[in-house]
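In what follows, residues are counted from 1 in the order of the sequence shown. Note that these values count all heavy atoms, side chains included, but never hydrogens, waters or copies made by symmetry.
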Amino acid sequence: LLNNAGVMAVPDRRLTKDGYERTFQTNHLGHFALTAGLMPLLSTSARVINVSSEGYQFAGGGLDLDNLNGEREYGPWSSYGLSKLENILFTNELQRRASDSDDWSKLTAVSLHPGAVQTDLARYLIGEEKFQSMKENGFSSWQDKVVMEGLAKFVKTVEEGASTQVFLASADLGASDDGKYFLDGKPKKPQAFATDRTKGEELWAISEKLSGVKFEIGSNPGL
């Protein structure tokens, strides 16, 4: 199961029809609910791969459980950083619970940073309307052409950006890789605040409450 959907740097606080801040729901809460719903259909030796980002370091103060929806403070990059931190914390907690379970002990959960990739994720950086216009009609000025083609030299193609996900989905990983965070196909130790077990447990509990989905890793043997 590859949880890859995401938004980045939404310029202002926007709520979904469910009443949650868009970045939080898209990047974390939806993945949590989807994974919970699909667990009974997965093999007990399945892999759950959560696409995070080095942007988690924007949340250097750690996870603020009282600001998951940007209730007290919202910033395009701080909100993104928190959501990417949530991806790692969710991965860690999922792996811990699976490893402690008799039936799911062979499940592997990992997270990763794909790098800067040429995708629509950047649409908020230049404005949604301009981004869409450039996709449909090409560059409107030579300045845009110079800037965008110059930036393209420093970011990955979609194929390059997907390489770590594909590797993690297909490689012969060992038990020592369980719960790890990967960068360029290799494990990387995240900052201490991204491995806070207490925050992971609390995030799990509040995610169950907000999503309305009970995520229990019990005796269901899967397929």
Side-chain angles (χ1 to χ4, degrees), residues 1-6 20 23-56 59 62-65 68 81-114 164-183 185-223:
L1 171 60
L2 174 60
N3 290 314
N4 187 54
Y20 301 124
T23 306
F24 170 64
Q25 179 165 330
T26 305
N27 292 8
H28 166 67
L29 194 62
H31 294 173
F32 178 89
L34 178 65
T35 304
L38 291 178
M39 279 291 285
L41 304 177
L42 298 179
S43 163
T44 54
S45 59
R47 293 181 188 177
V48 179
I49 303 166
N50 294 319
V51 179
S52 180
S53 167
E54 281 288 277
Y56 83 87
L63 185 63
D64 183 353
L65 292 164
L68 294 177
L82 286 170
S83 72
K84 296 293 99 179
L85 172 59
E86 289 153 10
N87 294 152
I88 299 175
L89 291 171
F90 169 46
T91 302
N92 296 344
E93 184 62 12
L94 174 59
Q95 184 65 67
R96 185 186 70 79
R97 293 182 181 223
S99 296
D100 288 346
S101 165
D102 291 335
D103 295 303
W104 293 96
S105 60
K106 293 183 180 180
L107 180 139
T108 296
V110 290
S111 58
L112 67 112
H113 170 63
T164 298
Q165 291 98 301
V166 172
F167 167 74
L168 291 173
S170 59
D172 184 16
L173 301 179
S176 62
D177 293 316
D178 290 355
K180 294 288 182 64
Y181 172 74
F182 284 77
L183 173 65
K186 299 178 181 179
K188 179 182 179 181
K189 186 177 180 179
Q191 299 290 333
F193 63 84
T195 59
D196 187 326
R197 175 172 169 174
T198 299
K199 289 293 187 181
E201 293 173 341
E202 293 173 339
L203 176 64
W204 188 287
I206 198 168
S207 296
E208 285 186 324
K209 180 180 179 181
L210 295 178
S211 67
V213 177
K214 190 69 174 175
F215 195 165
E216 294 183 340
I217 300 179
S219 59
N220 192 318
L223 298 177

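Residues satisfying the side-chain hydrogen bond (donor to acceptor under 3.5 Å, both in side chains) criterion with Ser211, sequence neighbours excluded, are absent altogether. The side-chain hydrogen bond (donor to acceptor under 3.5 Å, both in side chains) search around Thr23 returns Glu21, not counting sequence neighbours. When the salt bridge (charged side-chain N to carboxylate O under 4.0 Å, His left out) test is applied to Asp64, the partners found at least two apart in sequence or on another chain are Arg72. Applying the ring pair (Phe, Tyr, Trp, His ring centres under 6.0 Å) criterion to Tyr181, with sequence neighbours excluded, gives Tyr56. With sequence neighbours left out, Ser99 forms a side chain to side chain contact (heavy atoms under 4.5 Å, CB included) with Gln95. Every residue two or more places apart in sequence or in another chain was checked for a side chain to side chain contact (heavy atoms under 4.5 Å, CB included) with Ser105, and none qualifies. For Leu38, the side chain to side chain contact (heavy atoms under 4.5 Å, CB included) criterion is met by Leu1, Leu34, Leu41, not counting sequence neighbours. Taking Thr195 as the reference, nothing meets the side-chain hydrogen bond (donor to acceptor under 3.5 Å, both in side chains) condition, with sequence neighbours excluded. A search for salt bridge (charged side-chain N to carboxylate O under 4.0 Å, His left out) contacts involving Lys214 returns Glu208, not counting sequence neighbours.
The shortest non-hydrogen separation linking Asn27 to Gly6 is OD1-CA, 3.1 Å. Minimum interatomic distance between Leu89 and Phe193 (heavy atoms only, all atoms of both residues): CD2-O, 4.1 Å. Taking each heavy atom of Thr164 and Gly185 in turn, the nearest pair found is OG1-N, 3.3 Å. Of all heavy-atom pairs spanning Ser111 and Ile88, the tightest one is OG-CG1, 4.0 Å. The two atoms that bring Asp178 and Leu107 nearest to each other are OD2-O, 4.2 Å, heavy atoms only. Across every non-hydrogen atom of Ser207 and Leu29, the tightest pair is O-CD1, 3.7 Å.
No side-chain heavy atom of Asn92 sits less than 4.5 Å from a side-chain heavy atom of Asp196. The shortest distance between side-chain heavy atoms of Lys199 and Leu85 does not fall below 4.5 Å. Between Leu112 and Val51, the closest side-chain pair of non-hydrogen atoms falls below 4.5 Å.
The aromatic rings of Trp204 and Phe32 sit perpendicular to each other, their planes meeting at more than 60°, with 30° as the lower class boundary. Ring-plane geometry between Tyr20 and Phe24 is classed as perpendicular, the angle between the planes exceeding 60 degrees on a 0 to 90 degree scale with a lower cut at 30.
Atom NE2 of His28 sits about 10.5 Å away from atom CG of Asn3, to the nearest 0.5 Å. Expressed to the nearest 0.5 Å, how far CE of Met39 lies from CG of Leu94 amounts to 6.0 Å.
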From CA spacing to verdict: side chain to side chain contact (heavy atoms under 4.5 Å, CB included), Leu183, His113 | CA-CA 5 Å; Leu183 173 65; His113 170 63; 3.0 Å; yes
Determine, stepwise, if the pair Leu63 / Leu68 fulfils side chain to side chain contact (heavy atoms under 4.5 Å, CB included).
-> CA-CA 8 Å; Leu63 185 63; Leu68 294 177; 3.9 Å; yes
Scan the side chains in residues 167-175 for donor-acceptor partners under 3.5 Å anywhere in the protein, sequence neighbours excluded, and list what turns up.
| unit_1 | atom_1 | unit_2 | atom_2 | d |
| --- | --- | --- | --- | --- |
| Ser170 | OG | Val166 | O | 2.7 |

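Every pair passing salt bridge (charged side-chain N to carboxylate O under 4.0 Å, His left out) that includes a residue from residues 34-54 is listed here, sequence neighbours excluded: Glu54-Lys188. For residues 83-96, every residue pair satisfying the salt bridge (charged side-chain N to carboxylate O under 4.0 Å, His left out) rule, not counting sequence neighbours, is listed here: Glu93-Arg96, Glu93-Arg97, Arg96-Asp100, Arg96-Glu201.
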